[in-house]
Each structure stands twice: as C-alpha cells, then as structure tokens.
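I have placed the structure first, in the form of structure tokens, so that the comments after it can refer back to it.
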Amino acid sequence: MTTTDLIDRPLEADLRALRTSAPADLGLGALVDVGLADRYAPLATPLGRAFVAWNGRGVSWISAAEPAEFEASFRARVGRPIRAADALPDRLARAIERRLSGDRRARVPLDLRGHTPFEIAVWTKALEIPRGEVRPYAWIAAEIGRPRAVRAVGTALAHNPVPLVVPCHRVVRSDGKLGQYSMGGPDAKRRVLGAEGLDTAALEREASSGIRFIGSDTTHIVCHPTCRDARRVTGRHRVGVGSLEAAAAAGYRPCRHCRPVSVSGRAA
Amino acid sequence: MEPDVALATQLARDLDAAFPRLVEAQADRLYTIALRLLGDRRDAEEVAQDALVRAYRAMTGYPPPRIAELRLGPWLASITVNLARNKRRRHDDRNPPLALEPIVEAGFDPPSDGRSRPDTTADRRETKRELAAALLTLPPAVRAAVVLRHVDGLSVAETAEALGRPEGTIKAQVHRGLARLRAQLEARPSAGPPSPELASHAPRRRGPAILEALP
C-alpha cells in the first residue's frame with residue numbers, strides 16, 4: 001500500500017473494512033451462559049458412562065443414552081438447543097463427583113425450570129436421603145406434606161431429569177422391593193445402591209419376610225431398615241417389625257433421624 | 001436503526017424467545033468492537049460474549065416498556081466498551097502497556113469495493129493489519145470513539161450516547177484519532193511512492209515496522 005492508495009481509498013473505508021466475524025461458538029456460548037441453550041459431555045458413573053447437560057444455571061439433564069438419543073430426548077423434553085462439548089467445566093465435574101461419592105456439602109447447581117413445584121419438592125426431598133440408605137415412596141409423600149400422593153411421587157421420580165445427582169434410586173417401594181428406576185430398571189438400581197455400600201439382597205430378603213422397620217430393644221426406637229441408626233443396632237438387640245402400629249403397641253417410638261412412616265402413607 | 005426497534009419490541013414481549021435473535025444480530029458487531037479495542041482475539045471473544053450475557057441479565061430486571069425503548073446499537077456498544085476497558089485495566093496491571101499481539105485474520109478478506117484492483121488483495125490485508133495495529137496505539141478514549149464511529153458505523157449522536165460524552169467531544173476525538181492514524185500510516189518506513197514496475201512485487205516489511213515508527 002502506498003500513500004496514494006490512502007488518498008484513493010479513504011481511511012474511513014479502511015476502518016470499515018476492519019469489521020470481522022465472531023468465532024462460531026461465541027453466540028452459543030452466550031446462550032448457554034444465560035440458560036437458553038445447553039452443552040453436554042460424558043461423565044463416568046457407577047452405571048458406566050453417562051452424559052450430563054448443563055447451562056449457566058446448572059445441570060439440566062443426565063442420561064446414559066447414546067449422544068443421538070440423548071440429544072433427541074433432551075430436545076423433546078426440554079426444548080432448548082444442545083451441542084456436544086469435550087468435557088464438563090472442571091468445577092462442575094468436581095462438584096458432581098463429590099456429590100456422587102456422598103459429600104452432601106458439594107453444591108451442584110440444578111436447572112429445573114419448566115417442572116412443577118410438586119416435582120421439584122419431591123426431588124429436593126430425595127436429595128436429603130443419605131448415600132447408601134433408602135426410603136419408601138410414602139416417606140417422600142409424607143415429608144412433603146402430601147401423604148396421599150404416593151403414586152404421584154413415583155411418577156415425579158420417574159421423570160427426574162438429573163438421576164444420580166438427585167438420587168431417585170434411593171427411593172423404593174413401601175413393601176421393601178426396590179421398584180422401578182428411570183436409568184435402566186431394577187438391576188441398575190441394585191447396582192447403584194450396591195456401589196453406595198447397601199446390601200440390597202439382605203434388604204430384599206428381610207422385606208420379603210414381612211419386615212418393614214427395625215427397632216432396638218435397648219433404646220426402643222424404630223427406624224427404616226437402612227437408617228444409619230438402625231444399622232448400628234447389634235444383632236441380638238435388633239428387632240424386625242412389620243408395622244409402626246405394632247412397634248408403637250410394643251412401646252417403640254419412631255427415629256428422629258429417618259422419621260419412619262407407615263405403609264399406608266401416614267406419618268407415624 | 002429500524003430492525004433494532006423491531007427487535008427491542010420483540011425482546012420486551014418475550015425476552016427468552018427473542019434473545020437468540022439479538023445474539024445472532026449482534027455477535028459479529030460486538031466481537032469487532034472488542035477486537036479493535038483490545039487487539040486480542042481471545043479477550044475479544046470473552047468480552048463480546050460477556051456483553052451479551054450482561055445485556056440479557058439487565059433486561060431480565062427491566063419492565064417491558066423500558067426494554068422496548070432500548071436503543072440496542074448504542075446500548076450494547078456501551079456495555080462492550082465498558083467490559084473491554086475493565087479487561088484492559090486488569091491486563092495493564094500485569095503487563096506493561098502496548099504489548100501488541102498480531103491481529104491478522106488468516107484467510108479473511110474484506111469484500112471488494114469494486115474500485116480496487118484484484119491484485120491488491122495482499123495490499124489490503126497489509127493495510128488492515130497496519131491500521132488495526134495503529135488503532136491500538138491511540139489513547140483509549142480516542143480509540144473507542146474512532147472504533148464506534150468508523151469501524152462499527154454508529155452516528156456521532158449514537159457514539160456520544162454509547163460513550164456518555166458530548167457530541168462535540170466525540171467529533172473532536174474522532175477527528176484527532178483519524179489525523180493520528182493518517183500520520184502513523186504515512187510515517188511507516190515502507191510507505192512512500194515505490195518504483196512503478198515494482199509496485200505489486202516489492203517485498204514489504206511486516207508487522208513490526210509499524211511499531212518502530214511509534215513514539
């Protein structure tokens with residue numbers, strides 16, 4: 001370029017020519033940040049590889065489905081654009097890993113927009129169940145003040161968009177059977193609970209012999225069978241009970257930690 | 001800015017539905033502003049993306065009539081300029097000023113304006129690089145005025161609105177900026193009338209030449 005060129009083509013035109021295109025990912029990045037689009041990346045879980053979708057508001061979807069099916073079900077259920085990423089953001093990945101390993105102080109932000117207050121109440125309550133323990137559907141129903149809504153609790157848990165992080169696998173049937181699991185059926189549920197240190201075979205064996213609660217004949221406290229207090233009771237003081245009514249009649253009071261509810265769905 | 005008025009109306013009606021259209025309409029523009037203010041592509045990408053996010057968050061707190069009245073061009077430019085200023089300040093704390101990064105956009109050619117000869121593509125790329133580097137030597141306030149007025153193409157009134165300065169100040173700053181740019185480009189060691197037969201073949205001194213010409 002020469003000085004004469006400068007005169008031929010005014011400086012203003014050269015300045016105008018400094019306009020350029022943004023990197024392809026910039027717009028999507030902004031939409032993800034404000035929660036109008038999502039990215040997803042693989043995550044290792046006790047059930048093998050799963051995929052986690054997230055945006056600036058939090059984790060929005062977890063599923064073990066392969067990418068094509070993952071994207072299709074995400075779009076159908078959530079309705080936002082989604083694009084694959086190489087990996088989760090470091091902080092989010094660490095928080096999820098800590099959560100899955102039982103650290104309930106690890107804060108995993110969740111984006112649950114578009115779900116009903118009832119569903120969110122159910123999932124929030126499920127988050128309170130400690131790792132390696134289970135509670136019946138009726139317990140969730142009683143705890144959220146909807147004791148008759150046991151079946152609706154089951155439906156809400158089946159629609160949990162973020163399994164494993166919201167531990168719907170820790171909610172079981174009131175008869176002690178493990179029940180359904182959205183992320184791969186009863187076998188997968190058995191495997192996740194096993195990975196959390198729960199002896200599901202023993203639990204199911206006791207349940208099938210009619211035991212619903214465990215009491216201690218020294219403290220006269222009655223618990224859900226997997227409550228950490230119940231598990232501390234030594235063999236010869238351990239009393240299996242079929243109902244809270246029977247336990248109450250024998251002078252047992254319900255545990256303040258696991259707050260057992262009777263099979264009928266009413267709080268004890 | 002007719003399309004901006006329509007878009008502001010749509011944003012006021014349904015922010016989440018209309019925001020992707022705002023992103024599509026503004027991403028290139030805000031990235032350009034940030035890049036020409038900062039000279040670093042990664043910083044520019046961060047600033048432009050952040051500007052869009054801030055705009056969204058601001059609008060979630062506005063009542064719809066206020067969103068509908070937004071003058072999107074100057075408003076978004078103003079957010080971008082402010083974020084670029086903060087980014088530059090943080091950089092200046094760590095690095096000495098005037099650490100110019102090369103700002104060649106590989107493979108990007110400006111659209112032909114029909115007046116230039118086809119064989120001047122390389123010249124125009126060179127011009128862009130030198131001009132972009134020269135812009136970065138302007139004082140920040142002058143640079144912002146020139147970038148908004150002549151790279152982005154806002155009017156004097158819109159530039160004044162975006163930068164929160166009187167129109168007279170903008171006019172003076174743009175005038176001063178253009179004069180300095182011309183002086184710098186003409187003072188380059190490679191400038192000056194070349195021998196006619198070598199005009200398109202003579203090897204040129206690349207980027208650093210402009211730096212040597214600076215005070």
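Chain letters run A, B, ... following the sequence lines, proteins first, then strands; residues in each count from 1.
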Without swapping roles, check the side chain of A/Arg19 against the backbone of B/Thr32 for a donor-acceptor pair under 3.5 Å. no
About how many Å separate CG of B/Leu22 and CG of A/Leu31, when rounded to the nearest 0.5 Å? 9.5 Å
Surrounding CZ of A/Arg113 (heavy atoms of other residues, nucleotides or ligands, distance under 6.0 Å), is the total greater than 12? yes
Any idea which heavy atoms bring B/Leu178 and A/Leu11 closest together, and the distance? O-CD2, 3.6 Å
So, the part of B/Val146 with a heavy atom under 4.5 Å from chain A: the answer is side chain
B/Asp14 CG: over 12 foreign heavy atoms closer than 6.0 Å: yes
Spell out, as yes or no, whether a donor-acceptor pair under 3.5 Å connects the side chain of A/Arg16 to the backbone of B/Gly153. no
Could you point out which residue of B/Val151, B/Leu185, B/Thr127 forms a side chain to side chain contact (heavy atoms under 4.5 Å, CB included) with A/Asp14? B/Thr127
Does A/Arg104, at its CZ atom, have more than 12 non-hydrogen atoms belonging to other residues, nucleotides or ligands within less than 6.0 Å? yes
Please classify the contact of A/Leu26 with chain B as side chain, backbone, both or neither, using a heavy-atom distance under 4.5 Å. both
Quick check: do B/Tyr56 and A/Leu36 have side-chain heavy atoms less than 4.5 Å from each other? yes
More than 12 foreign heavy atoms under 6.0 Å from CD of A/Glu69: is that the case here? no
When you look at CZ of A/Arg146, are more than 12 heavy atoms from neighbouring residues, nucleotides or ligands closer to it than 6.0 Å? no
Would one find more than 12 heavy atoms of other residues, nucleotides or ligands at under 6.0 Å from atom CZ of A/Arg83? no
Judged by atom type as modelled, is there a donor-acceptor pair below 3.5 Å linking the side chain of B/Asp28 to the main-chain atoms of A/Ala22? yes
Rounding to 0.5 Å, atoms CG (A/Asp25) and CD (B/Gln49) come to a distance of 7.5 Å
Could you measure the distance from the OG1 atom of A/Thr20 to the CZ atom of B/Arg41? Nearest 0.5 Å is fine. 7.5 Å
Of the backbone (N, CA, C, O) and the side chain (C-beta and beyond), which part of B/Leu135 lies under 4.5 Å from a heavy atom of chain A, both, or neither? side chain
